[in-house]
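Encoded as structure tokens, the structure appears first; notes follow it.
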Amino acid sequence: MLTSMDRLTIYAVLCFISFCTIVLSSSNDMGIFAIGGLFSAALGLWFELASDAELEEEN
């Protein structure tokens, strides 16, 4: 099983890779996968951080 820190690291790396893909590609060549990857990684980070804050409040 992956820990919370492992999942946060994976989401952060995916977000960084997607962002770099968007920035380094030309505007005519930008694909839907890079935008979708950035959106899904940011959403995953948000869910992970929101659930981590809820777990800290319970303890």
Side-chain angles (χ1 to χ4, degrees):
M1 295 296 287
L2 295 174
T3 64
S4 178
M5 186 59 79
D6 293 337
R7 289 189 302 268
L8 281 174
T9 304
I10 291 169
Y11 286 131
V13 169
L14 287 175
C15 193
F16 179 73
I17 290 171
S18 297
F19 180 73
C20 288
T21 302
I22 291 171
V23 169
L24 295 176
S25 65
S26 65
S27 62
N28 296 336
D29 195 31
M30 190 178 348
I32 190 84
F33 290 112
I35 296 171
L38 183 64
F39 179 72
S40 62
L43 193 64
L45 274 171
W46 181 69
F47 281 138
E48 234 4 90
L49 291 173
S51 67
D52 191 30
E54 290 174 1
L55 289 175
E56 288 179 1
E57 289 177 5
E58 289 178 3
N59 292 333

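A single hydrophobic cluster is seen to contain both I35 and L38, as judged by linkage of ILVMFWY side chains at heavy-atom distances under 4.5 Å, directly or through other members. L45 and F16 are not part of a single hydrophobic cluster, where members link through side-chain heavy atoms under 4.5 Å apart. Transitive grouping of hydrophobic side chains (ILVMFWY, heavy atoms separated by less than 4.5 Å) brings L14 and L2 into a common cluster.
In this structure, the side chain of S40 engages the main chain of G37 through a donor-acceptor pair within 3.5 Å.
Distance check, rounded to the nearest 0.5 Å: CE of M5 to CD of E48 gives 10.5 Å.
Contact detail for Y11 and A41: the closest heavy-atom pair is O-CB, 3.8 Å.
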**Message:** Determine whether D6 and T3 satisfy the following criterion, side-chain hydrogen bond (donor to acceptor under 3.5 Å, both in side chains), listing intermediate values before the conclusion.
**Reply:** CA-CA 5 Å; D6 293 337; T3 64; 3.2 Å; yes
